[in-house]
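Worksheet for the structure shown next.
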Amino acid sequence: MRVLVTGGAGFIGSHLVDALVERGDEVTVVDDLSTGRREFISEAARLLEHDIRGPFETDADIVFHLAAQADVGTSVERPAFDAEVNVVGTVNVLEAARGAGAAVVFSSTGGAIYGDVASPASEDAPLSLAMP
């Protein structure tokens, strides 16, 4: 299967890429390396160094969308930048997936929706509505 992972050079993305490569998928990582690291990416994966704020094309069957501007301080100090990455960037990922006829688009929210917790949060854990 051809798989695209945005944010594949980050912590979560690189582990996903490793699992996909291990199961035999053809993996392309889209990452601008602003927070991710090239050395985190499996040598078996192809890297497209690209900022998702700009359009791109893919031939993937499945898209995992993990690229994001996730720093709370940045989102408060630079809300337009945050929106460019997280809103416009997501639209570009969705358009690339649609162009390829990708069957699945997966987006991770990270752990911010659960707030500060004492132990790992499960998917049915209560959500935090607190604002920073």
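Computed from heavy atoms alone, side chains included, the values below leave out hydrogens, waters and symmetry copies.
The distance from the CE atom of Met1 to the CG atom of Asp25 is 6.5 Å, given to the nearest 0.5 Å. Interatomic distance, CG of Asp32 versus CG of Asp51, reported as 4.5 Å (0.5 Å rounding). Here CZ of Arg2 is found 12.0 Å from CZ of Arg46. Values are rounded to the nearest 0.5 Å. To the nearest 0.5 angstrom, Arg37 atom CZ is 12.0 Å from Asp31 atom CG. Expressed to the nearest 0.5 Å, how far OG1 of Thr28 lies from CG of Asp59 amounts to 7.0 Å. Going from atom CZ of Phe81 over to atom CG of Asp71 covers 10.0 Å, rounded to the nearest 0.5 Å.
A donor-acceptor pair under 3.5 Å links the side-chain atoms of Thr6 to the main chain of Leu66, judged by distance alone. Between the His50 side chain and the Gly54 main chain, a donor and an acceptor come within less than 3.5 Å of each other. The main-chain N or O of Arg53 is found under 3.5 Å from a side-chain atom of Asn92 such that the two form a donor-acceptor pair.
With respect to Val3, the side-chain contact (heavy atoms from CB on, under 4.5 Å) criterion is satisfied by exactly one of Val17, Leu16, Leu20: Leu20.
At most 12 non-hydrogen atoms from other residues, nucleotides or ligands lie less than 6.0 angstrom from CZ of Phe11. More than 12 heavy atoms of other shown residues, nucleotides or ligands fall within 6.0 angstrom of atom CD in Glu39.
Annotation: side chain of Val30 is in contact with side chain of Ile52 (closest heavy-atom distance under 4.5 Å). Using a 4.5 Å cut-off on side-chain heavy atoms (C-beta onward), Val63 and Val5 make no contact.
Judged by distance alone, the side chains of Asp82 and Gln69 do bring a donor and an acceptor atom under 3.5 Å apart.
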Query raised in the report: So Phe64 and Val93, side-chain contact (heavy atoms from CB on, under 4.5 Å) or not? Walk me through it.
Result: CA-CA 9 Å; Phe64 289 90; Val93 172; over 6 Å; no
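Under a 4.0 Å N-O distance rule, the pair Arg38/Glu49 qualifies as a salt bridge.
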